[in-house]
Amino acid sequence: MWNAEEIASQIAVIDGKEAPDLIITNATYLHSILKQWKTGTIWIKQGRILYTGERMPPLTEGAELIDAAGKWIVPGYIEPHVHPFQLYNPETFAQFAAQHGTTTFLADNLMLLMSISQEQAFTLLDELKELPFSFYWWARMDSQTNLQNEAEVFAPEKVEEWLKRDDVLMGGELTGWPRLLKGDPVMTESLQKAKQLGKKVEGHFPGASERTLARMRLLGVNGDHESMTADEAEARLLQGYAVTLRESSIRPDLKPLLEGILEKELNVFDHLMMTTDGSPPLFHEDGVMDKCIRIALEAGVDPIDAYQMASYNIARYYDIDDLHSVIAPGRFATLNFLSDIREPNPTDVLSKGVWLKRDGQARMEFNKADWSVFLNFAPDFELTQEDLTATEPIGIDMLNDVITKPYETTVDLSAEKLEDAHDESFLALIDRNGKWRVTAVIKGFARSVQGLASSYSNTGDIILIGKDKNEMLRAFRQLKEIGGGIVLAEDEKVLCELPLSIGGSLSDQPIEVLREQEREFKQALSDRGYEKGDAVYSLLFLQSTHLPYVRVTQLGVADVMRNKVLIPMTER
Ligand SMILES: Nc1ncnc2[nH]cnc12
């Protein structure tokens, strides 16, 4: 973090031989270890807290002086479970989240693994390190779908390269845990490397039984974020799991979870963390970790506990509290200034000594990472109606936005159009390189979406859904035209489009712009009979085998629980 010369200069400030860069006077700040509000002066130099206490520095020449009277200062918020590719990219997400006080991220590397080489990914991670945010990463051990080149992408020696990085704090999330439980040698080897390197491992165990939790604990898993009730949270705590409570667009469970924990009088707040678990832009309209803190305060959680579940508890669990979440010498000067303890959205945000927000106004824009490493989305093939015509009457029935089950369809698969009277649509997953396709039917997505094409998916392959094969083909052509994203077509014209110009997977737009595009897309779907929760997740998880019960994948339509292919993929 700081070299010998910088440290000497920092000590020179304590010795009265140099002045700090920034002095915060009349500070009332949360001391994470004492769990008390302390008052005093904070000295900062080179983005580092040098001193907190009663004294002013001997030399103040040239230092910026901030009088924090009337403000409450808390450590910057940490989002421990970020999927930084929910239409946004890591940089645009961080830029938005920082305006709400979230300036440290533990982020999923899945999209990087799906889209670019390891070397390009590491270059991107190093570029992001230059920004006044703190990015940390996960090392995924499975693709959470049936990937044709799974063995290559998730080879243990590649996973190990990720795990060896000092900014990789976690192995997982372990969406492929059933494979691990069956003794899959590849995942077992990756998991053991994570343990040997002293990394935490995060599970993904929705609805898991006590025995599954025990088995996964014995295999080396440390944490889980899938509790949907206070009983489930307690069951995980009982088995020594680190529990992260979730408020997300498909699982907005935080308030009942916290109310249940309070009701049970479980005095466990020092061991709890919170996350928004990769929600799309619209969900974040009212914030990121400040949104979770607000919910905790409303649920009746003690303010200090509420703030610590979004900062210190996370830093301590992931062993980064030497640099984060303690307002004391040696840590990053990453501080949020609050107008009131009960208003977690800060008026001012300091991140690694850089002002990102002052008096409620954003201070700077970033455009640092070189996203050109993401290959442009430019399919060089055409599709025909045959690509959209299934041969087997097997379909995917949506029970909610992300849970599905197989069913037998009676629609005429060879028809060009399906009527709006029912909620079945044609479905196809097309290799983004045009080499293969999987064609089926989907029920419960919408009633009158004529043609949807999306390069936003778990693997970057192309999803086509619709009632009208010609409109689906039109949407696909427009998708190529705009370089990837999500397109709706209807009555021989393009209805709306959400461009994802970074590889067809990520947007380069600020969240505020992207959010309006998402709103328009979701409104158009809703007007045409999409009645589930979050359509962005419906698209993302169509391929994801970490949720029950049937998925369209690169190997075909797969029955997840029986690990069986119901409709094989077709070579093109
Ligand atoms: N497992 C997952 N993969 C990608 N995005 C997610 N958002 C929430 N869970 C996710």
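Both ligands and their constituent atoms are indexed starting at 1 by order of listing.
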Quick check on contacts: which atoms of ligand 1 are under 4.0 angstrom from a heavy atom of Arg140? 1 (N), 2 (C), 3 (N)
Which ligand 1 atoms are under 4.0 Å away from a heavy-atom of His546? 1 (N)
From Tyr318, Tyr136, Tyr317, residue fulfilling ring pair (Phe, Tyr, Trp, His ring centres under 6.0 Å) relative to His324: Tyr136
Within the 4.5 Å heavy-atom criterion, are [X] and [Y] side-chain neighbours or not?
X: Asn313; Y: His271; answer: no
X: Phe133; Y: Leu356; answer: yes
X: His284; Y: Tyr88; answer: yes

Heavy atoms only, cut-off 4.0 Å: how does [X] contact ligand 1, side chain, backbone, both, or neither?
X: Met111; value: neither
X: Leu540; value: side chain
X: Gln86; value: side chain

Within a reach of under 6.0 Å around CD of Glu210, are more than 12 heavy atoms found that belong to other residues, nucleotides or ligands? no
Taking atom 4 (C) of ligand 1 as the reference point, the nearest protein heavy atom with its distance: His83 ND1, 3.5 Å
Among all protein non-hydrogen atoms, which one is nearest to atom 1 (N) of ligand 1, and what is the separation to 0.1 Å? Gln144 OE1, 2.9 Å
Examine ligand 1 and decide if any of its atoms is less than 4.0 Å from a heavy atom belonging to His81. no
Flag for Asp231-Thr229: side-chain donor and acceptor within less than 3.5 Å: no
Which word best sums up how the rings of His546 and His204 line up, parallel for under 30°, tilted for 30 to 60°, or perpendicular for over 60°? tilted
Quick check: Tyr537 and ligand 1, any N/O pair under 3.5 Å apart? yes
